[in-house]
2 protein chains.
Amino acid sequence: MPRSSFREQMLRVREDAIVTAVNRLLAEKGFDLMTVDQVAAEVGIAKASLYKHFPSKEALAAAAMVRVMEQGLQVVDDQAARHDAGVLDRLQAVARWALQMQLAGQMPTLPSQNSSLRSELATHARYMDLLMEISDKLGAWIVEAQRDGHIDASLPAELVLYTLYARACDPVPAVLKSGGRFSDDEVVEWVLQTCFSGLSART
Amino acid sequence: MPRSSFREQMLRVREDAIVTAVNRLLAEKGFDLMTVDQVAAEVGIAKASLYKHFPSKEALAAAAMVRVMEQGLQVVDDQAARHDAGVLDRLQAVARWALQMQLAGQMPTLPSQNSSLRSELATHARYMDLLMEISDKLGAWIVEAQRDGHIDASLPAELVLYTLYARACDPVPAVLKSGGRFSDDEVVEWVLQTCFSGLSART
DNA sequence: GTCTATAGCCAGATAGAC
DNA sequence: GTCTATCTGGCTATAGAC
């Protein structure tokens with residue numbers, strides 16, 4: 001329908017701006033402290049207009065989570081296409097991306113205790129699909145890394161996966177950065193090093 | 001004043017019950033999702049009575065944090081009194097205590113983004129004193145462990161300290177436990193192992 | 001689909017009797 | 001110090017004009 005494509009494009013651009021604002025605010029303050037008024041103000045539209053695009057605050061957060069997970073899945077697939085790297089390098093590259101996003105203030109956090117948000121996300125098909133696809137792919141790499149002796153095979157693969165996921169909301173990088181004495185890159189590499197050598201097989 | 005001691009004792013018992021309820025609710029839902037009504041209901045008194053003991057919700061949380069840090073300081077001092085253990089064993093024992101408290105639902109969490117709470121805590125003398133005393137003592141052990149080659153000396157001591165503190169709010173143990181396939185002790189030891197071998201000196 | 005204005009709700013905090 | 005009842009403000013969400 002070329003007749004409606006311009007309007008649809010405008011719609012997508014507007015919704016993209018909304019999701020960008022939500023993403024930033026979620027990264028800065030988390031879901032509970034983010035208000036819909038702040039989102040509207042940051043986008044520069046009225047609050048009621050927001051609700052024409054998204055039916056609830058939870059839906060706003062879900063949209064931001066979906067977008068960041070699409071980006072994450074892209075990173076995973078990019079790593080899968082590398083033929084020069086082993087599974088450990090790929091896992092590290094994904095964790096590095098998450099840490100860099102977090103330090104750049106672009107990683108939305110899901111304060112794991114909010115029930116309304118969690119139940120909404122659990123019923124969000126696209127979100128759950130992305131979560132499972134990423135988990136499956138990372139899980140396969142983890143099992144392979146354990147088989148090859150790069151990751152301690154006595155650890156449950158779940159523990160390894162959750163430990164990697166937890167880097168996306170690790171408070172340590174932000175606190176270290178706030179001290180002002182280290183660069184982002186230093187912080188990222190230190191955290192990566194302590195994380196992965198903690199998971200590595202005993203020598 | 002022996003005349004007033006009975007009343008004062010009752011007061012302390014009542015306030016202790018309040019702090020216990022706050023502690024549990026903070027561990028369960030965090031500061032933002034905990035309501036003062038819930039605290040009052042759990043203690044079995046009216047909300048207005050709470051405000052006779054503590055002037056604000058933030059003060060309630062601060063009291064709970066002070067108590068848990070007094071317990072933590074006690075653990076640190078107990079470890080300092082052990083003559084059979086090296087610094088690494090002592091650091092591990094403290095981290096183990098924090099993880100066990102968390103899995104038992106008794107470790108209050110401070111969702112690091114709330115500004116009203118953080119500013120109140122920053123002006124809370126007893127809280128800051130405890131934080132500094134614990135940090136000083138753990139910091140000394142960390143430096144010693146680095147000098148002795150038990151912890152990677154190329155890592156900033158700050159990073160090591162924050163990494164240990166972060167175990168108290170690590171989401172990994174709770175998620176692993178919720179799967180139901182592992183015991184608390186297994187989870188604690190796995191997390192400790194990955195944490196400390198990540199910090200250990202390269203061999 | 002955008003806005004202004006407001007409904008409805010809930011949580012933190014307080015008044016005032018006892 | 002405890003209670004019941006209430007105030008106050010901020011938040012999500014919606015009504016209704018344009």
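These values consider heavy atoms only, across backbone and side chains, with no hydrogens, waters or symmetry-generated copies. Lettering follows sequence order; numbering is per chain, from 1. It should be emphasised that the depicted structure is a prediction, and the values quoted were computed from it without experimental measurement.
- When distances are taken from the side chain of Lys52(B) to each of dA13(C), dT4(D), dT2(D), the shortest belongs to dT2(D).
- Here Asp129(A) does not pair with Arg126(A) in a salt bridge; the nearest charged N to carboxylate O distance is not below 4.0 Å.
- Within 6.0 Å of CZ in Arg82(A) there are more than 12 heavy atoms belonging to other residues, nucleotides or ligands.
- Listed candidates were dA13(D), dT4(C), dG1(D). Nearest to the side chain of Ala48(A) is dT4(C).
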Audit row: Met34(A), Glu28(A), side chain to side chain contact (heavy atoms under 4.5 Å, CB included) steps and yes/no: CA-CA 9 Å; Met34(A) 176 187 84; Glu28(A) 181 187 333; over 6 Å; no
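- Within the 3.5 Å criterion, the main-chain N or O of Leu103(B) finds a donor-acceptor partner in the side chain of Lys177(B).
- At a threshold of 4.0 angstrom between heavy atoms, the contacts of Lys57(A) are confined to the sugar-phosphate backbone, with no base atom among them.
- Nearest to the side-chain atoms of Ser49(A) among the listed nucleotides dT2(D), dT4(D), dC3(C) stands dC3(C).
- Within 4.0 Å of Met34(B), counting heavy atoms only, lie sugar-phosphate atoms of the nucleic acid but no base atom.
- Between the side chains of Ser183(B) and Asp185(B), no donor-acceptor pair of N or O atoms lies under 3.5 Å.
- Following rounding to the nearest Å, Leu33(B) (CG) and dG12(C) (C1') show an atom-to-atom distance of 15 Å.
- Spacing between atom CG of Leu25(A) and atom P of dT12(D) amounts to 11 Å, rounded to whole angstrom units.
- In the set dC3(D), dT2(D), dG12(C), dG12(C) carries the atom at the smallest distance from any side-chain atom of Asp37(B).
- The CE-P distance, from Met10(A) to dT2(C), rounds to 9 Å in whole Å.
- In this structure, of dA13(C), dG1(D), dA13(D), it is dG1(D) that holds the atom nearest to the side chain of Leu11(B).
- If you take CD of Glu58(B) and P of dG12(C), they are 9 Å apart, rounded to a whole angstrom.
- Rounded to whole Å, atom P of dA13(C) lies 11 Å from atom CG of Leu50(B).
- One can place CD1 of Ile45(A) at 6 Å from P of dC3(C), the figure rounded to the nearest angstrom.
- Here dC3(C) presents its C1' atom at 13 Å from NZ of Lys47(A), a figure rounded to the nearest Å.
- Looking at heavy-atom distances under 4.0 Å, Thr35(B) makes contact with sugar-phosphate atoms alone, never a base.
- When the C1' atom of dG16(D) is taken as reference, atom OH of Tyr51(A) falls 18 Å away, rounded to whole Å.
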